[in-house]
2 protein chains.
Amino acid sequence: MRDTRAELLMQAETLVRGRGYSGFSYADLAAAVGIRKASIHHHFPTKADLGAALVAAYAARYEAALTAIRAEHPDGAGRIAAYGRLYLGGVEQGLGCLCAALATEGDALPERLHHDIVRFFEAHLAWLERVLAEGRADGSVRASLDPAAYARFVIATLEGALLMERLLGGPEAFQGTLRALDESLR
Amino acid sequence: MRDTRAELLMQAETLVRGRGYSGFSYADLAAAVGIRKASIHHHFPTKADLGAALVAAYAARYEAALTAIRAEHPDGAGRIAAYGRLYLGGVEQGLGCLCAALATEGDALPERLHHDIVRFFEAHLAWLERVLAEGRADGSVRASLDPAAYARFVIATLEGALLMERLLGGPEAFQGTLRALDESLR
DNA sequence: AAAAATCTACCAACTAAATGGTTGGCAACC
DNA sequence: GGTTGCCAACCATTTAGTTGGTAGATTTTT
């Protein structure tokens with residue numbers, strides 16, 4: 001992966017997470033990176049290509065983070081808390097979730113992107129379900145909780161809190177929701 | 001309020017909730033309503049005017065719904081459940097929350113819209129806080145719960161679940177999260 | 001090792017279509 | 001007779017995307 005290409009991906013991600021997919025143009029991105037519009041097309045022929053690369057890179061980063069969390073935190077509740085802190089980073093930077101931004105524009109999105117986002121969320125659901133089931137076994141998570149249903153509940157709460165607190169309550173408010181979420185699974 | 005104007009608001013709301021604010025154009029709206037582009041400008045001089053009217057109408061509808069819920073449901077937990085069912089309607093129609101769609105594009109939004117969205121969420125937070133405090137008094141909501149913090153938790157969960165289940169699990173999955181939310185406050 | 005061919009990253013200049021918005025006018029209605 | 005609702009015909013700007021090309025690096029051929 002080229003240096004310019006990486007820079008393009010980074011700046012494009014910031015743009016999408018701040019203004020949405022149809023909210024930024026190749027001209028915006030070119031200005032942000034300090035390159036000409038035509039050069040972006042050299043790396044990403046169409047905007048949909050760029051979008052797909054964005055989701056792929058974002059998903060890969062999250063996948064690595066999820067693996068690290070399982071390795072570094074021994075118990076279920078601690079892992080969910082660490083997962084929640086991933087979203088906190090977005091609030092601190094004032095940026096939403098890339099896939100939430102894309103999901104919002106779902107109806108206008110290229111089919112291929114639509115599918116990539118679904119896969120992103122499904123990967124998180126599968127990870128959470130597993131972590132919750134393990135947490136039930138290790139006793140850090142209450143036994144009455146249904147891992148599959150609760151996995152959805154966790155993502156929903158975190159995505160929604162990121163969406164809202166990014167422009168309302170900031171990191172402190174977000175951490176309050178993090179605490180409420182932690183309570184609810186013990 | 002004119003008939004055409006109401007039709008414009010309705011179709012524009014559907015467009016924004018499905019594709020985002022910068023994801024639709026006056027041409028799209030004109031086609032949806034069966035009118036010419038220029039005529040939209042007669043009712044809403046600028047796109048920001050239309051956006052502001054959209055939020056105002058949406059907020060007014062919600063305000064009425066919130067009042068009705070308090071009148072029709074006696075206890076705190078029942079009111080929160082009814083509030084959750086408001087969002088379920090969105091999932092069933094395959095449409096996200098208008099203000100969530102706008103919040104996503106926050107960085108690119110006219111300042112005036114930005115402010116209107118914040119007010120929308122703050123009104124909901126205030127209502128929820130009140131309902132939760134009353135629910136604690138009537139015993140339907142656990143006493144250990146902090147109404148202010150939990151109000152944020154509730155909106156976050158519902159907004160996030162709407163965002164996700166609109167394109168993932170559909171109404172059934174959403175209702176699972178509704179159940180988990182209800183459990184968590186008892 | 002020199003020369004030739006190929007590839008990579010970039011850009012100036014362009015295009016067609018779409019964007020939000022304006023102007024001037026027409027017809028119906030109080 | 002002025003207000004209201006609408007539209008055809010504009011307009012400037014922006015959009016994603018194309019074309020044809022240059023300069024430098026890399027690889028291939030001799």
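Below, chains carry the letters A, B, ... as their sequence lines are ordered, and counting in each starts from 1.
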A.B. asks: Applying side chain to side chain donor-acceptor pair (under 3.5 Å) between Asp49(A) and each of His41(A), Arg112(A), His43(A), report the one that passes.
C.D. replies: Arg112(A)
A.B. asks: Leu29(B) has an atom CG; how far is it from atom P of dG21(C), in whole Å?
C.D. replies: 13 Å
A.B. asks: From CD1 of Ile35(B) over to P of dC6(D), roughly how many Å is that when rounded to an integer?
C.D. replies: 5 Å
A.B. asks: Taking CG from Asp49(A) and P from dG17(D), how many angstroms apart are they, rounded to a whole number?
C.D. replies: 8 Å
A.B. asks: Please tell me if His43(A) has a side-chain N or O lying less than 4.0 Å from either OP1 or OP2 of dT8(C).
C.D. replies: no
A.B. asks: In whole Å, I'd like the distance from the CG atom of Asp3(B) to the C1' atom of dT4(D).
C.D. replies: 14 Å
A.B. asks: Measuring to OP1 and OP2 of dG20(C), would you say a side-chain N or O of Thr46(B) lies under 4.0 angstrom away?
C.D. replies: no
A.B. asks: Choosing from dG17(D), dT8(C), dT15(D), which nucleotide comes nearest the side chain of Ser25(A)?
C.D. replies: dT15(D)
A.B. asks: Ile40(A) CD1 to dC11(C) C1': how many Å, rounded?
C.D. replies: 12 Å
A.B. asks: Taking it one step at a time, do Phe120(B) and Tyr62(B) satisfy ring pair (Phe, Tyr, Trp, His ring centres under 6.0 Å)?
C.D. replies: CA-CA 9 Å; Phe120(B) 174 85; Tyr62(B) 257 99; 5.7 Å; yes
A.B. asks: Grab the CZ-C1' distance between Phe44(A) and dT15(D) for me, whole Å please.
C.D. replies: 19 Å
A.B. asks: In this structure, how many angstroms lie between the P atom of dT15(D) and the CG atom of Asp28(B), rounded?
C.D. replies: 16 Å
A.B. asks: Step by step, work out the side chain to side chain contact (heavy atoms under 4.5 Å, CB included) result for Arg186(B) and Arg142(B).
C.D. replies: CA-CA 5 Å; Arg186(B) 300 207 111 103; Arg142(B) 49 176 241 267; over 6 Å; no
A.B. asks: Tell me whether Glu13(A) is salt-bridged to Arg61(A), with the criterion being a basic N under 4.0 Å from an acidic carboxylate O.
C.D. replies: yes
A.B. asks: Atom CG of Leu8(A) to atom P of dT8(C): distance rounded to whole Å?
C.D. replies: 17 Å
A.B. asks: What's the closest nucleotide to the side chain of His41(B) if the choices are dG20(C), dA16(D), dC7(D)?
C.D. replies: dG20(C)
A.B. asks: Quick one: does Lys47(B) reach the base of dG21(C) with a side-chain donor-acceptor pair under 3.5 Å?
C.D. replies: no
A.B. asks: Within the distance-only criterion (no hydrogens, no angle test), does the side chain of Ser140(A) pair as donor or acceptor with the backbone N or O of Ala77(A) below 3.5 angstrom?
C.D. replies: yes
A.B. asks: Tyr26(B) side chain: which of dC14(C), dC6(D), dG20(C) is closest?
C.D. replies: dG20(C)
A.B. asks: Let me spell it out: for each of His42(A) and Ala38(A), pick the nucleotide of DNA chain C with the closest heavy atom. Which residue's pick is nearer the 5' end?
C.D. replies: His42(A)
